[in-house]
There are 2 protein chains.
Amino acid sequence: MAEDGREVPTLDEVARVAGVSRSTASRVINGRTYVSAKAREAVAQAVTSLGYSPNMLARSLAMKRTNSIALVVSEHGDRVLGDPFFARVLRGVHAGLAGSGLQLVLLMAQDEQDHGSMANYLTSGHVDGALVVSLHGEDPLPAQLVASGLPVVLCGRPLAKVAVPYVDADNFNGAGQAAQYLIDQGRRHVGTIAGPRDMAVGIDRLSGWRRTLSMAGRPTDAIAHADFSLEGGMAAMEQLLTAHPGLDAVFVASDLMAIGALHVLRGRGIRVPEDIAVVGFDDSGLAATSVPPLTTVRQPIEELGRTMTWRLLAQFEGDVELPPSVLLPTELICRETA
Amino acid sequence: MAEDGREVPTLDEVARVAGVSRSTASRVINGRTYVSAKAREAVAQAVTSLGYSPNMLARSLAMKRTNSIALVVSEHGDRVLGDPFFARVLRGVHAGLAGSGLQLVLLMAQDEQDHGSMANYLTSGHVDGALVVSLHGEDPLPAQLVASGLPVVLCGRPLAKVAVPYVDADNFNGAGQAAQYLIDQGRRHVGTIAGPRDMAVGIDRLSGWRRTLSMAGRPTDAIAHADFSLEGGMAAMEQLLTAHPGLDAVFVASDLMAIGALHVLRGRGIRVPEDIAVVGFDDSGLAATSVPPLTTVRQPIEELGRTMTWRLLAQFEGDVELPPSVLLPTELICRETA
DNA sequence: AGTCGGTCTGGGAGCGCTTCCAGAAACTCG
DNA sequence: CGAGTTTCTGGAAGCGCTCCCAGACCGACT
């Protein structure tokens, strides 16, 4: 550490300069009552003349509250930073923090086995709570944190059966919306390119699709799983096409996969949406600029971050009766593929 | 705050369980010497059985060092989070922090007049140092921080005449590289679309271009300024075309503006690179996917973040003779526009 | 006058840790 | 075997703050 130029003034000095006790100075600084106007004035003077600003560390130690929360990315940092989804969540979190006086500590796994040290850091009193963005479901971190008594809110439904509050997009109903839209358009045989079976988003979007179709008495046999990648989407589309020649619509569980499907369709000379309608999910930047522009289910990503933050802050306030989880409504964005 | 389930064990308890004094326990935990094997063993036992982890806050207070640094974005957060440049810097910073045991605190301006509270936070002992990404040059924050004795490293050359260390891409020589390449290709009249006159990047890239051309005895009259936006680039290109009909090459100070220029050129039926060669700057994602793929000067953005971190850490170590600033070399990426 | 509520104040303990210091214990060595 | 070292240890004083508590002071009521 560099030795700082001027010494940082402490509360004691402020008190001394103002000619009052430390207690009184503290009261003034924290805007507490039971302080005479004279004392208040003197302290205010001293504060400005000394350029005093309270040492947060000491305050935190005394109050057992740090005024900062962690945004934990329990994935390897590099992988996630390029992800626009993450950037938007971060944006939402940041917006949600506005005016709360809380600071954001960014915590990302460095190595694969960094979880221990992260849990350690989090539970050792450095932050008041944590927002966890955990991309794969079987992550033990959230459970550990909750067990240690740290307020935690997750981004996305956890797969593990742990009682930790989370905020997620309403994937189930979003997929339902898409399916319903396709049905309403008179599509007879609606397939789906689903996400991985071991991710909550994949599962939820699949079951939403399935439920809506079966309620409408339509077949739910045309299912192909993929891994949310472009290539995966392409392969799944091929697969669907061979297995179900009669398909006239497909709900794809992510925009990126949908773009892949679109490629395949174009390659085969199948017209979209005339022959086969396509609906994606996410409304990522890709959707608007694909050719043709993708009809998709928008999930409110910034809102996700904002809501997580709200949920955590509410927990700080001691709000009781907080919903254990909240699902954010999705919106069907109609463009040209359906 | 939520009341935590189990009480967090303190060093005192560890000491008690291990049957030693707090001092000894502390020594063991910090791996200090002058501790008997027996004591060491007993404390280790106690630590694991209690699940003890040191309270960072208290430690920080006692040691006057927080083991965390701030990444300060003195721009409004929303604006910057969508920016891939920022994401890549963050990535570099994160990578640079690996293994240092330091945590990253993300600080972004919320409102316009949030600077005061940011400076306050930073100088009140919450972090050991700060990395500042300040996009517009006349920001007073860096100077304030330095004045308060906080180690600071800037991203990008500051415009203000303050002695604060910074890390930047070598914009001057990068622009020179581009110009030289165009000259070597036999281009006679090389223009430039420069950035704003009040931004260091703009200035440096312009002077690099100018210097190389004048060393080669070429005219440096074809200059149009723009604001680093697509539209700005288009307007500037139009302007250049009318003012200097003989132009056969143009160095554009950013990829985005270069894409704009490309649009204009195509619109006018001017062939690139046959009639006019174009070289951009940044090698952002846009460059590779533009049509035709853009020849451009790559600046090592992740490296920027990593180097800033290195510089800050070196300053912590008390390294003397640290370069006040470091410029990272750029690289010309030849694609098809020149 | 005596008592009471209300306002204001300073002393002091405590948050959980590090670290200085002095003393105890265990070694060396002439 | 005592003096001098070297290891080891616990006590205690901080770090800068909050907050409880007891007491001082005030005007106002019986």
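Naming: A, B, ... by sequence-line order, numbering from 1 per chain.
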Checklist outcome for this item: Output for pair (B/Leu322 CG, B/Trp310 CH2), nearest 0.5 Å, gives 5.5 Å

Checklist entry - Whole Å only: how far is the CG atom of A/Asn67 from the P atom of C/dC15? => result 20 Å

Item to check | Atom of A/Ala39, atom of A/Val28 and distance for their closest heavy-atom approach | outcome: O-CG2, 4.3 Å

Checklist entry - Over how many whole Å does the gap from A/His126 atom NE2 to C/dG16 atom C1' extend? => result 13 Å

Next on the checklist: Within the 4.0 Å limit for protein heavy atoms, which parts of nucleotides 7-19 of chain D are touched? Write it as a string from 5' to 3', B for base, S for sugar-phosphate only, - for none.
Outcome noted: SSBBBBBBBBBBB

Checklist entry - To the nearest Å, how far apart are B/Glu13 CD and C/dC15 C1'? => result 13 Å

Item to check | A/Asp168 with A/Arg157: basic N within carboxylate O range, under 4.0 Å | outcome: no

Checklist entry - Going by atom types only, do A/Ser21 and A/Thr24 share a side-chain donor-acceptor pair under 3.5 Å? => result yes

Next on the checklist: Checking A/Glu41 against A/Lys38 for the salt bridge (charged side-chain N to carboxylate O under 4.0 Å, His left out) test, could you report, in this order, the C-alpha distance in whole Å, the side-chain angles of both residues, the deciding distance, and whether it holds?
Outcome noted: CA-CA 5 Å; A/Glu41 179 58 24; A/Lys38 195 176 57 172; over 6 Å; no

